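Input: a single structure, listed below in structure tokens.
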2 protein chains.
Amino acid sequence: MQYLSHMAQKTEPPVSTASEEPAWKQRAVERSTKAAKLRAEKRLVRFLDAAQAIITEKGTTDFTVQEVVDRSSQSLRSFYQHFGGKHELLLALFEDALARSADQIRAAATGRSDPLSQLKVAVQLLFELSRPDPAAQRPLFTDFAPRLLLTHSVEVKIAHAPLIELFTEMMVRAEAAGQLRPTIKPRRAAALTMQTIMFIAQSNGVSDDETVNPISADEAWEFCAMGFAHP
Amino acid sequence: MQYLSHMAQKTEPPVSTASEEPAWKQRAVERSTKAAKLRAEKRLVRFLDAAQAIITEKGTTDFTVQEVVDRSSQSLRSFYQHFGGKHELLLALFEDALARSADQIRAAATGRSDPLSQLKVAVQLLFELSRPDPAAQRPLFTDFAPRLLLTHSVEVKIAHAPLIELFTEMMVRAEAAGQLRPTIKPRRAAALTMQTIMFIAQSNGVSDDETVNPISADEAWEFCAMGFAHP
DNA sequence: ACCAGGAAGAGAATAACATTCTCAGCGGAG
DNA sequence: CTCCGCTGAGAATGTTATTCTCTTCCTGGT
């Protein structure tokens, strides 16, 4: 159900065999493979759950593979059988977290009818979810996205897709209601807003013993919605 | 001249001795220390230059301490004599880069008289400077800031100070000219704008073989200035 | 000119991780 | 029942940062 998608191709046989091997053999192999595949998936989930638990426990994505292995009572051997490396694990969790968050936000937003109100709710919730360690479950650990943005930008983008889509939908509705600035396209507005919110929440989260910062969700919302210039 | 500031206290004797030791001794020690201090600074600079060279060469902040040591023809021993660790080196370079960028941006902005125009120029230049590897010299390597934001948020904030200050000045002028939305304080507007621009430029930099993104400096500017809502 | 002590170089030692490899046992499909 | 792929256990490897040892050198004070 959860933890799906992007490592799928790993277990898929190469398409080429489809035309080289008779269909019956295909099916036979597939049938005998299915069980194994299920077993594999179970193990996979155990790794993912363990990792998730560790992350929420110590509020950081700096865990060691060994920790995950121990926690899930499996072996390194097995870990690398299922994941290309630590980064795949992280990407899986990241993707999952973003997808869930998208659902959660969507749910929260349906309470409002006015497109802009929906966006406001969405933005504020996204802001909360994006800040590090609100002691809450499943912080978005947007913190580790940057490191992967350099090495796996494509995957990160894929992970972002659900949120982008959600925000785009909302922006489209806002546009239809004439609430969107005419010079900006919904998808662009969505992307810009999301990035702004996520990053600001992130960089803002660490405690400020000092004078200033703690930018609030409201401020962030106002900034995205109205900019800083006087109309 | 350059590469100054935040590791200064390292070589400063503890203030306490000032009251415990006679002043003449202080001065004597200081005099005899001065030369050594200069020598030390030379080495320091060699490390920093070497690191900077490596970074601009391979366009990433993922170098090893060994590389820096070799490149500067010095020794590990010496490196750790001068720096508390790799992170101090990075912070030094980061701080320096941000300070220079602030100067550069300030210079570019003085060409305009209208506060908003100045801001626009500033924002667009900041955007360019913040994107990874424009093959240009000294990209802001804003990429590594995130990793340090967690472990050394205070230092990162210090490094950001010059830019924040610059943008705040400009926002203040804009406010005076009635070009700033009344509900937003200059310093906040500055912080929000900076973060937005830097992060968007950053995450946007990596090549998009696909359909969409490449958010432009203009788009980013418009977003910050006017938000997305229809007035 | 001479000496003590603080830097510096060379590079080995340590530590923490990720990733890979070896070997032996297990369990399911035929 | 038997074979083979999947596992567990954990050793081995490789990369880095960081520390440590020992020796050499230079400098400033006498």
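First the proteins, then the strands, lettered A, B, ... as listed; each starts at 1. All of these numbers come straight from a predicted model, not from anything done at the bench.
The nearest whole Å value for the distance from the CG atom in B:Leu90 to the P atom in D:dT16 is 15 Å. D:dC6 atom C1' lies 12 Å from atom CZ of A:Phe47, rounded to whole Å. The distance between atom CD of B:Glu67 and atom C1' of D:dA17, rounded to the nearest whole Å, is 13 Å. Spacing between atom NZ of B:Lys34 and atom P of D:dT27 amounts to 18 Å, rounded to whole angstrom units. The distance between atom CG of A:Leu38 and atom P of C:dA29, rounded to the nearest whole Å, is 11 Å. Taking atom CZ on A:Arg39 and atom P on D:dT7, their separation rounds to 8 Å, with Å as the unit. With rounding to whole Å, B:Gln74 atom CD is found 16 Å from D:dC26 atom C1'.
With B:Cys224 as the fixed residue, the side chain to side chain contact (heavy atoms under 4.5 Å, CB included) test singles out one of B:Ile197, B:Val123, B:Leu119: B:Ile197.
Side-chain contact, B:Gln202 with B:Arg131: no donor N or O sits under 3.5 Å from an acceptor N or O.
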Nucleotide-resolved protein contact map, nucleotides 12-25 of chain C, B/S/- at heavy-atom distance under 4.0 Å: -----SSBBBB---
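Ion pairing of B:Arg71 with B:Glu57 is present here, as a side-chain N (NZ or NE/NH1/NH2) and a carboxylate O approach within less than 4.0 Å. For the pair A:Glu67 and A:Lys58, the salt-bridge criterion is met [side-chain N within less than 4.0 Å of a carboxylate O].
The phosphate of D:dG8 has OP1 or OP2 within less than 4.0 Å of a side-chain N or O from A:Ser78. Within the structure, every side-chain polar atom (N or O) of A:His82 is placed at least 4.0 Å from both OP1 and OP2 of D:dC6.
Using a 4.5 Å heavy-atom cutoff, the side chains of A:Arg100 and A:Gln104 are not in contact.
Every ring pair (Phe, Tyr, Trp, His ring centres under 6.0 Å) that A:Phe79 has, sequence neighbours left out, goes to A:Phe47, A:Phe83.
Of the candidate nucleotides D:dG8, C:dG9, C:dA29, C:dG9 has the atom lying nearest to any side-chain atom of B:Arg43.
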